[in-house]
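Taking it in order: structure first as structure tokens, then the write-up.
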Amino acid sequence: MTPATMPAISLASVPDQFDGAVGFTVAEGSDWTGALATMDAACDGAIKRTAEAAGFDGSKGKTLLVLGAGASAPARILLAGLGAEAPSALDLNKAGASLMAEVATRGDASLTLVPHDGSAASAAALLEGAAMRAYRFDAYRTRLKDDQKQSVTTLVGACSDPASGQAMMTDVSGRVSGNFLARDLKHEPANILYPVAFAQRLKDELEPLGVEVTIIDEAQMEKEGWGALLGVGQGSVRDSAVVVMHWKGASGGVHDDPVCFVGKGVCFDTGGISIKPAGGMEDMKWDMGGAAAVSGLMKTLALRKAKANVVGLVGLVENMPAATAQRPGDIVTSLSGQTIQVLNTDAEGRLVLADVLWHAQEKYRPRFIVDLATLTGAMLVALGHEKAGVFSNDDELANQLFAASEATGEYVWRMPLGQEYNKSLDCKEADMRNIGGGRWGGSITAACFLERFIQKGQKWAHMDIAGVVWTDKPKPMVGTGATGFAVRSLDKLVQDNYEA
Ligand code: BES
Ligand code: MN
Ligand code: ZN
């Protein structure tokens, strides 16, 4: 397991002479001022002439690459349009990312980003987006040619007062590192990242940062009665495991009433005896995307020393067909004591989460629980690859999640719960069945199943991230592959609402 390397990021004053490539942001319709005007003057107006010839007017989302503008100028100068309105942090993230995407493999070792307003805050936002876009998973590419490799390894944000941005840089690099961890975990194939290997990776990553990491093994779960989770893993030669990650950062050392994040960690989902079709089954290596997000979040919180008490729990299993696998019709007793008839062994994520959610509530009495899971294919039918579904019994929590998601570009949309859906889980032979009666509204019945394991008064939100953990077409801050979805938005949820 080789982690992807994050580019080195720092803030500096605007230099007289640039090293490597340089990217400027441009407000639409503005006269060029500051460092960009200086650079253009040094090139006898070549940058402006190229921009005019190319029709680049600074409108939002547009980029321009200017090659060979002048003998003493950088060989590659880039412009990113911000539009006419004052840009948000997210706009700047996206601009930084688009600049990174333009030069990534062009041979420059470094990229300097210069914001239109010269501020440290804008430079930091550009750096965050650029660093996000620099993610590559090349661990198993032993024959990559030099021109296929990413050349840019250093990112510099040039601004007028770099010293004032140092605290921001700690947060930026914490968020990007956490996102990278989540992406690495999703990319690792299931022969490498099986449950116990995942658990060990979390110990290795997080213990040195001051996170308490506890592994609950199969023997302990058998003794305690985690029947729903263990039933899913029983067809695999790999042991199941639950990992509890506790970050005790609250000021004054008060560590009661934590906030909890719970992740589905199905390291591979074949469907089990209710086996999936072969086409596209390889995607199910990222059926641990919820667990990856929770793990990345814990890394971010620790790196930026969040002043909050946060517990992350992940349920790690492999869902395999085997002589020992659970069968359709089997009845299991969950940790909560409720019995479940397993009518489809491919509806396994909810079985894993049922026990982890119950444990989180019994042990930690959390202020809220957010669970994340690649739970249903139906989520892709409903919201596609653009937004994740949020199901919640608490309007305030749902609204906080929505605000954090809009600010970070990790978009979510609220979906319903309700008795009309819930009753389709009623069962003649056990307390409930693990699938609803028909195929419609499958994401909602899955959420209703989880709700049956939420105790009275417990604030809770479920995020079905099946459509957003992986992307085949480039998104602003992701090339292709794993997105690391929810690390940055959940970090913001904690930072904006739950830090003293
Ligand atoms: N991991 C899948 C859901 C999934 C499918 C995520 C496609 C991403 C892409 C989950 O375990 C599953 O198999 N769900 C079933 C539930 C059904 C049997 C009620 C599904 O969605 O088909
Ligand atoms: Mn499944
Ligand atoms: Zn699954």
Side-chain angles (χ1 to χ4, degrees), residues 186 190 193-195 198 228-229 231-236 240 262-293 314-321 325-330 340-356 371-389 391 415 421-422 424-425 427 432-450 452 462-472 481-483 485-486:
K186 287 187 256 192
L193 196 78
Y194 48 88
F198 194 138
L229 184 150
V232 175
Q234 80 185 33
S236 172
S240 303
V262 168
K264 168 180 171 181
V266 177
C267 293
F268 197 82
D269 180 14
T270 62
I273 295 297
S274 313
I275 198 164
K276 289 180 180 298
M281 201 201 273
E282 65 277 7
D283 284 352
M284 287 299 109
K285 76 169 180 179
W286 47 253
D287 205 20
M288 30 55 74
V314 294
L316 305 171
V317 302
E318 183 179 53
N319 188 22
M320 298 294 274
Q326 85 182 334
R327 294 145 289 250
D330 282 5
I340 306 162
Q341 186 177 33
V342 179
L343 287 176
N344 189 320
T345 64
D346 197 11
E348 85 297 339
R350 62 196 76 182
L351 297 168
V352 172
L353 290 173
D355 283 350
V356 183
D371 78 70
L372 297 106
T374 50
L375 204 60
T376 62
M379 203 64 242
L380 284 100
V381 178
L383 297 179
H385 295 294
E386 310 308 328
K387 296 187 186 206
F391 304 76
M415 301 280 292
Y421 299 98
N422 190 301
S424 72
L425 296 164
C427 179
M432 71 192 87
R433 37 195 281 156
N434 77 327
I435 53 171
R439 57 185 288 243
W440 306 119
S443 304
I444 308 171
T445 42
C448 288
F449 181 92
L450 299 180
R452 289 186 177 219
H462 156 60
M463 297 173 69
D464 193 334
I465 58 175
V468 293
V469 298
W470 194 269
T471 184
D472 292 328
T483 60
F485 186 92

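Just follow the structure's listing: the first ligand is 1, and inside any ligand the first atom is 1.
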Could you tell me whether the side chain of Asp464 and the main chain of Met379 form a donor-acceptor pair under 3.5 Å?
no
Taking atom 11 (O) of ligand 1 as the point of reference, which of Met379, Glu348, Met288 owns the nearest heavy atom?
Glu348
Can you report which non-hydrogen protein atom sits closest to atom 21 (O) of ligand 1, along with the distance?
Gly377 N, 2.7 Å
Rounded to 10°, how big is the angle at the Zn ion (ligand 3) from Lys264 NZ to Asp287 OD2?
100°
With a 4.0 Å heavy-atom cut-off (strictly under), which part of Asp283 contacts ligand 1: side chain, backbone, both or neither?
neither
Okay, side chain of Asp287, backbone of Val266: is any donor-acceptor separation there less than 3.5 Å?
no
Which residue and non-hydrogen atom of the protein lie closest to atom 12 (C) of ligand 1, and at what distance in Å?
Asp346 O, 3.2 Å
Are the side chains of Ile273 and Pro321 in touch, meaning some heavy atoms are under 4.5 Å apart?
yes
Please could you name the atoms of ligand 1 that Thr374 approaches to less than 4.0 Å, counting only its heavy atoms?
1 (N), 2 (C), 3 (C), 6 (C)
Which N, O or S atom of Asp269 lies nearest to the Mn ion (ligand 2), by name:
OD2
Can you list the atoms of ligand 1 that are under 4.0 Å from a heavy atom of Asn344?
18 (C)
For Thr345, is there any backbone N or O sitting under 3.5 Å from a side-chain donor or acceptor partner on Asn319?
yes
In Glu348, what N, O or S atom is nearest to the Mn ion (ligand 2), if we give its atom name?
OE1
Are any non-hydrogen side-chain atoms of Ile275 and Met281 less than 4.5 angstrom apart?
yes
Within the distance-only criterion (no hydrogens, no angle test), does the side chain of Lys186 pair as donor or acceptor with the backbone N or O of Ala292 below 3.5 angstrom?
no
ang(OE2 Glu348, the Zn ion (ligand 3), OD2 Asp269) rounded to 10° is 90°
To which protein heavy atom is atom 6 (C) of ligand 1 closest, and what is the distance rounded to 0.1 Å?
Ala466 CB, 3.7 Å
Can you tell me which residue and heavy atom of the protein come closest to atom 2 (C) of ligand 1, and the distance to 0.1 Å?
Asp269 OD2, 3.6 Å
The Mn ion (ligand 2) to nearest N/O/S of Asp287 less than 2.8 Å
no
Are any side-chain N or O atoms of Ser443 and backbone N or O atoms of Thr376, one a donor and one an acceptor, separated by less than 3.5 Å?
no
4.5 Å side-chain heavy-atom contact, Asp346 and Asp269
yes
Between the side chains of Asp371 and Lys264, is the shortest nitrogen-to-carboxylate-oxygen separation below 4.0 Å, so that they form an ion pair?
no
Mind checking whether Val232 and Ser240 have side chains closer than 4.5 Å, heavy atoms only?
no
Counting heavy atoms only, which part of Ile435 comes closer than 4.0 Å to ligand 1: side chain, backbone, both or neither?
side chain
Reported OG1-to-CE distance for the pair Thr374 and Met463, which is rounded to 0.5 angstrom:
12.5 Å
Heavy-atom proximity to atom 9 (C) of ligand 1 ranks first, among Met284, Arg350, Met281, Arg439, for Met284
Is it the side chain (CB and beyond), the backbone, both or neither of Trp470 that lies under 4.0 Å from ligand 1, heavy atoms counted?
neither
Near Lys264, which atoms of ligand 1 are under 4.0 Å from a heavy atom of that residue?
1 (N), 10 (C), 11 (O)
Atom 10 (C) of ligand 1: closest protein heavy atom, distance to 0.1 Å, is Leu375 O, 3.3 Å
